[in-house]
Asker: 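Please find one structure pasted underneath; my questions will follow.
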Amino acid sequence: MQIEAFNLIVVGAGFFGATVAERAARELGLKTCVIDRRPHIAGNAYSEIDPETGVEVHRYGSHIFHTNSETVWDYLRRFTRFTDYRHRVFTAAGGRLYSMPTAAFGRIVSPDEARRLIAEETGRFAGTTPTNLEEKAIASVGKTLYDLLIRGYTQKQWETDPRTLPAEIINRLPVRFTFNDRYFSDRHEGMPADGYTAIFRRMLQHDNISVELGVDYFDVADRVRPDQLVVYTGPIDRFFDYRCGRLGWRTVDFAREVHDTADFQGTSVVNYADADIPFTRIHEFKHLHPERHYPLARTTIYREYSRAAGSADEPYYPINTDADRAIYDSYRALATRRTNVIFGGRLGSYKYLDMHQAIGAALKSVDDTVAPFFASGSGGVGTGKSPRPEAA
Ligand code: FAD
Ligand code: UDP
C-alpha cells in the first residue's frame with residue numbers, strides 16, 4: 001500500500017471518515033486514502049444481504065436514519081433516496097408489550113391523567129436539573145415507568161449504576177402524553193432505499209479516493225509524514241497506546257437466528273426490559289423495508305447482548321462516567337499537540353453520536369480543519385506546498 005502518495009489518510013470507513021473523504025476528494029481535490037481494519041466499508045452502518053433469507057440485515061444492529069439538520073439531510077440525499085419508514089419501538093416488560101415512548105401505564109389514561117400520575121411520582125426531582133440517568137428518567141416519566149421500562153434495560157445495557165451514567169443517554173427517548181408512538185421526533189427520517197452500504201459505495205467512488213480494507217492504521221502509521229493529514233476515527237485511547245488509561249466502552253454481541261416464518265415478531269425492534277432476560281433487544285430486519293417484496297417465508301433475527309468491552313472487542317458505546325471524562329480530557333490535551341491528526345467520529349471523540357451527528361461533525365471538520373490545513377501550506381503531497389515543521 002503506497003500511503004506516501006496521499007495528501008489525506010482517513011482511518012475508518014464509517015460515516016465520519018467517508019464524509020471527510022468524499023468532501024476532501026471532490027471539493028478540495030485531495031488525494032485521499034481510506035483505510036479500515038474491517039473487510040468492508042460503512043463502519044457500524046454496514047448492511048448486507050443475509051444469504052439464507054435474502055433479507056438485508058445490519059451487521060451491527062438496526063440503524064435508522066433521522067435528523068433535524070437540513071445540511072446533513074441534503075448532503076446525504078446526494079447518495080441515496082430515503083423511504084418513508086418511521087421507526088416504532090416496543091418494550092416487553094412483565095409479560096406485556098408497551099409502545100415506547102408513550103405514557104404506557106397499560107390501561108386507558110387521558111393525557112391529563114398521565115401527566116398527573118407522572119407528576120405525583122417525579123417527587124424530589126420535579127423541576128430540578130437532572131445530573132444523572134436515573135434522576136433524568138424519574139423526572140421525565142416517574143418512578144413506576146422507570147422501574148418497569150428503564151431500570152432493567154439500562155442495567156443490562158450499561159451494567160453501571162444509573163446514578164453514575166450521564167443523563168444525556170436517555171435524552172434521545174422522547175416523553176409524550178399522546179398516542180404518537182414514533183420513536184424519533186426529528187423532521188427527517190427514513191431508510192436508505194438501497195441500504196446503507198450502497199451509500200458508502202457512492203460516496204467513496206471517486207478518482208481521488210483509494211480504499212484499503214483489512215488494514216490496521218497502526219501497522220502503517222510510522223510511514224505517515226508530517227505534511228500528510230490523518231483523520232482518525234478509531235478509539236482515541238488506542239491511538240495514544242492507553243498511556244492515560246483505558247476509556248470505558250460497552251460492546252454488543254449479536255446472535256443470528258433464521259426462522260421458518262414470514263414474520264417472527266411483527267415489527268423491527270422489540271426491547272426487553274426485564275432484568276432476568278439476558279438480551280436487550282431483538283431486531284427483525286425485514287420490517288425496516290416494508291416496501292420490499294421478500295418472497296421467502298423466512299426471516300432473520302438478531303438477539304442483542306450487551307457487555308463490557310475487553311481489549312480484543314469492538315468498542316460501541318462510550319460509558320462516559322466522571323472517571324472516563326477525566327481520562328478523555330487527558331487524551332484531548334495530547335490530541336491538540338498532534339497538528340496533523342484530526343480525531344473524529346464516535347470512537348475518536350468518545351461521544352455517543354448518531355449517524356447524522358457524525359456526518360454533521362465531519363462536514364464541519366472539513367471546513368474548519370481539513371481545508372485550512374492544506375490552505376495554510378501544511379499539506380505537501382501533490383499540492384506543491386511545504387510541510388509545517390512542528391507537525392508530527
Ligand atoms: P464507525 O461507523 O464505528 O466507523 C469507525 C471505523 O473505524 C470502523 O469501521 C473501524 O473498523 C475503523 N477503525 C477503527 N480503528 C481502526 C484502525 N486502527 N485502523 C483502521 N480502521 C480502524 N445511529 C443512528 O443514527 N441511528 C441508529 O438507529 C443507530 N443505531 C445504532 C445501533 C447500534 C447497536 C450501534 C452500536 C450504533 C448505532 N448508531 C445509530 C450509531 C452509529 O453506528 C454511529 O453514529 C456511526 O457508526 C458513527 O460513525 P463513525 O464513522 O464515527 O464510526
Ligand atoms: N432505554 C430503556 N428502555 C428502553 C429503551 C431505552 O431503558 O426500552 C434507555 C437505556 O438506558 C438506553 C437508552 O434509553 O441505553 C437509549 O436507548 P436507545 O435504544 O435509543 O439507544 P441505542 O442503543 O439504540 O443507541
Side-chain angles (χ1 to χ4, degrees), residues 9-20 34-46 58-67 72 87 89-93 98-101 104 133-134 136-137 141 145-146 148-158 160 162 165 167-174 183-184 186 189 191 196 200 212-221 231-236 238-239 249-252 254 268-273 280-281 283 288 302 304 306 314-317 344-349 351-359 361-362:
I9 295 140
V10 174
V11 183
F15 264 121
F16 192 97
T19 303
V20 170
V34 179
I35 64 177
D36 204 298
R37 64 181 174 200
R38 290 173 172 167
H40 60 74
I41 56 174
N44 284 351
Y46 179 64
H58 298 176
R59 191 184 286 183
Y60 305 96
S62 305
H63 276 64
I64 290 86
F65 192 82
H66 58 97
T67 186
V72 170
H87 197 43
V89 174
F90 297 86
T91 299
Y98 300 87
S99 67
M100 193 80 177
L133 190 154
E134 181 168 292
K136 167 80 188 181
V141 299
L145 294 184
Y146 172 71
L148 183 70
L149 301 174
I150 295 182
R151 196 153 56 99
Y153 187 97
T154 300
Q155 174 59 33
K156 288 191 289 187
Q157 171 73 9
W158 299 96
T160 304
L165 288 168
E168 299 85 67
I169 287 179
I170 58 162
N171 277 354
R172 56 190 281 137
L173 274 184
Y183 199 61
F184 300 111
D186 292 358
E189 182 178 346
M191 294 300 298
Y196 283 98
F200 288 81
E212 301 280 345
L213 299 175
V215 176
D216 192 310
Y217 171 66
F218 298 105
D219 293 336
V220 297
V231 170
Y232 174 82
T233 72
I236 190 167
R238 166 69 185 93
F239 186 92
W249 301 95
R250 301 290 293 169
T251 193
V252 284
F254 294 102
S268 40
V269 178
V270 177
N271 293 344
Y272 285 81
T280 51
R281 48 190 174 186
H283 307 260
L288 295 171
Y302 284 9
E304 180 175 338
S306 171
E314 290 278 359
Y316 290 118
Y317 292 96
R346 203 180 228 214
L347 306 172
S349 58
K351 284 203 187 84
Y352 190 171
L353 299 179
D354 271 336
M355 295 181 282
H356 62 288
Q357 294 166 316
I359 295 165

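Atoms within a ligand are numbered from 1 in the order they appear, just like the ligands themselves.
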Asker: May I ask whether atom 18 (N) of ligand 1 is less than 4.0 Å from at least one protein heavy atom?
Answerer: yes
Asker: Between the candidates Leu353, Thr67, Asn44, which shows the shortest non-hydrogen contact distance to atom 2 (O) of ligand 1?
Answerer: Asn44
Asker: Going by distance only, is there an N or O of Tyr217 that falls short of 3.5 Å from an N or O of ligand 1?
Answerer: yes
Asker: Measure from the side-chain N and O atoms of Thr233 to the backbone N and O of Val11, and report whether any donor-acceptor pair falls under 3.5 Å.
Answerer: yes
Asker: May I ask you to list the atoms of ligand 2 that are less than 4.0 angstrom from any heavy atom of Ile150?
Answerer: 7 (O)
Asker: What protein heavy atom lies closest to atom 10 (C) of ligand 2? Include the residue and the distance to one decimal.
Answerer: Thr154 OG1, 3.5 Å
Asker: Just distances here: any N/O of Leu149 and N/O of ligand 2 closer than 3.5 Å?
Answerer: yes
Asker: Does Arg151 have a non-hydrogen atom less than 4.0 Å from ligand 2?
Answerer: no
Asker: What protein heavy atom is closest to atom 15 (O) of ligand 2, reported as residue, atom name and distance in Å?
Answerer: Trp158 NE1, 2.9 Å
Asker: Against heavy atoms of Gln157, which atoms of ligand 2 measure under 4.0 Å?
Answerer: 15 (O)
Asker: Checking the side chain of His87 only, and the main-chain atoms of Tyr183 only, is there a donor and an acceptor separated by less than 3.5 Å?
Answerer: no
Asker: Heavy atoms only: which of Thr280, Thr251, Val10, Ile64 is nearest to atom 27 (C) of ligand 1?
Answerer: Ile64
Asker: Compare every heavy atom of Leu288 with every heavy atom of Ser268, then report the nearest pair and how far apart it is.
Answerer: CB-CD2, 3.7 Å
Asker: Pull out every atom of ligand 2 sitting under 4.0 Å from any heavy atom of Tyr317, numbered as shown with elements.
Answerer: 22 (P), 23 (O), 25 (O)
Asker: Under 4.0 Å from ligand 1, counting heavy atoms only, is it the side chain of Ser62, its backbone, both or neither?
Answerer: backbone
Asker: Compute the shortest N/O to N/O distance between Arg281 and ligand 2 and return yes if it is under 3.5 Å, no if not.
Answerer: yes
Asker: Main chain of Tyr302, side chain of His283: is a donor-acceptor contact present, judged purely on distance under 3.5 Å?
Answerer: no
Asker: Who's the nearest protein heavy-atom neighbour of atom 5 (C) of ligand 1, and how far?
Answerer: Thr233 OG1, 3.7 Å
Asker: What is the nearest protein non-hydrogen atom to atom 10 (C) of ligand 1, stated with its residue, atom name and distance?
Answerer: Asp36 OD1, 3.5 Å
Asker: In ligand 2, which numbered atoms sit nearer than 4.0 Å to a non-hydrogen atom of Ile169?
Answerer: 13 (C), 15 (O), 16 (C)
Asker: Among all protein heavy atoms, pick out the one at the shortest distance from atom 13 (C) of ligand 2; state its residue, atom name and that distance to 0.1 Å.
Answerer: Ile170 CG2, 3.5 Å
Asker: Which atoms of ligand 2 are found less than 4.0 Å from any heavy atom of Tyr352?
Answerer: 16 (C), 21 (O), 22 (P), 23 (O), 25 (O)
Asker: Any nitrogen or oxygen of Tyr153 lying under 3.5 Å from a nitrogen or oxygen in ligand 2? Just yes or no.
Answerer: no
Asker: Just to check, does Val215 reach to within less than 4.0 Å of ligand 1 when the distance is taken from its heavy atoms?
Answerer: yes
Asker: In this structure, does ligand 1 have an atom that sits under 4.0 Å from one of the heavy atoms of Tyr317?
Answerer: yes
Asker: Give a yes or no on whether the backbone of Tyr98 and the side-chain of Thr91 come within a donor-acceptor separation of less than 3.5 Å.
Answerer: no
Asker: Heavy atoms only: which of Gly234, Gly61, Gly348 lies closest to atom 15 (N) of ligand 1?
Answerer: Gly234
Asker: Which heavy atom of the protein is the closest neighbour of atom 21 (N) of ligand 1, given with residue, atom name and distance?
Answerer: Arg37 N, 3.1 Å
Asker: Ignoring hydrogens and geometry, is there a side-chain-to-backbone donor-acceptor pair from Lys351 to Gln357 under 3.5 Å?
Answerer: no
Asker: Has Thr280 got a side-chain atom pairing as donor or acceptor with Glu304's backbone, closer than 3.5 angstrom?
Answerer: yes
Asker: At under 4.0 Å between heavy atoms, which part of Thr91 makes contact with ligand 2: side chain, backbone, both or neither?
Answerer: side chain
Asker: Could you go step by step and tell me if Phe254 and Tyr60 meet the ring pair (Phe, Tyr, Trp, His ring centres under 6.0 Å) rule?
Answerer: CA-CA 8 Å; Phe254 294 102; Tyr60 305 96; 7.5 Å; no
Asker: So, for Leu213 and Arg38, which heavy atoms are closest and what is the spacing to 0.1 Å?
Answerer: CB-O, 3.6 Å
Asker: Specify side chain, backbone, both or neither for Phe16, according to which of its non-hydrogen atoms lie closer than 4.0 Å to ligand 1.
Answerer: both
Asker: How far is atom 18 (P) of ligand 2 from its nearest protein heavy atom, and which residue and atom name does that atom have?
Answerer: Tyr183 OH, 3.3 Å
Asker: What is the minimum heavy-atom distance between Ile35 and Tyr217, and which atoms define it?
Answerer: CD1-CA, 3.7 Å
Asker: How far is atom 48 (C) of ligand 1 from the closest protein heavy atom, and which atom is that?
Answerer: Ala358 CB, 3.9 Å
Asker: Considering only protein heavy atoms, which is closest to atom 37 (C) of ligand 1, and at what distance to one decimal place?
Answerer: Arg346 NH1, 3.4 Å
Asker: Consider every N or O of His63 and every N or O of ligand 1, then say whether any pair is closer than 3.5 Å.
Answerer: yes
Asker: Return the closest protein heavy atom for atom 4 (O) of ligand 1 as residue, atom name and distance.
Answerer: Gly14 CA, 3.6 Å
Asker: Where is the nearest protein heavy atom to atom 34 (C) of ligand 1: which residue, which atom, and how far?
Answerer: Tyr60 O, 3.2 Å
Asker: What is the minimum heavy-atom distance between Trp158 and Ile169, and which atoms define it?
Answerer: CZ2-CD1, 3.6 Å
Asker: Parallel, tilted or perpendicular, judged at 30° and 60°: which one describes the rings of His58 and His63?
Answerer: perpendicular
Asker: In terms of residue, atom name and distance, what is the protein heavy atom nearest to atom 46 (C) of ligand 1?
Answerer: Met355 CG, 4.4 Å
Asker: Can you list the atoms of ligand 2 that are under 4.0 Å from a heavy atom of Asn271?
Answerer: 4 (C), 5 (C), 8 (O)
Asker: Which atom names give the shortest non-hydrogen contact between Leu353 and Ala358, and what distance separates them?
Answerer: CD1-CA, 4.1 Å
Asker: Which bit of Phe218 gets closer than 4.0 Å to ligand 1, counting heavy atoms only: side chain, backbone, both or neither?
Answerer: side chain
Asker: To the nearest 0.5 angstrom, please state how far the CZ atom of Phe16 sits from the CG atom of Leu347.
Answerer: 11.5 Å
Asker: Using a strict 4.0 Å cut-off to heavy atoms of Leu173, name the atoms of ligand 2 that fall inside it.
Answerer: 1 (N), 6 (C), 9 (C), 14 (O)
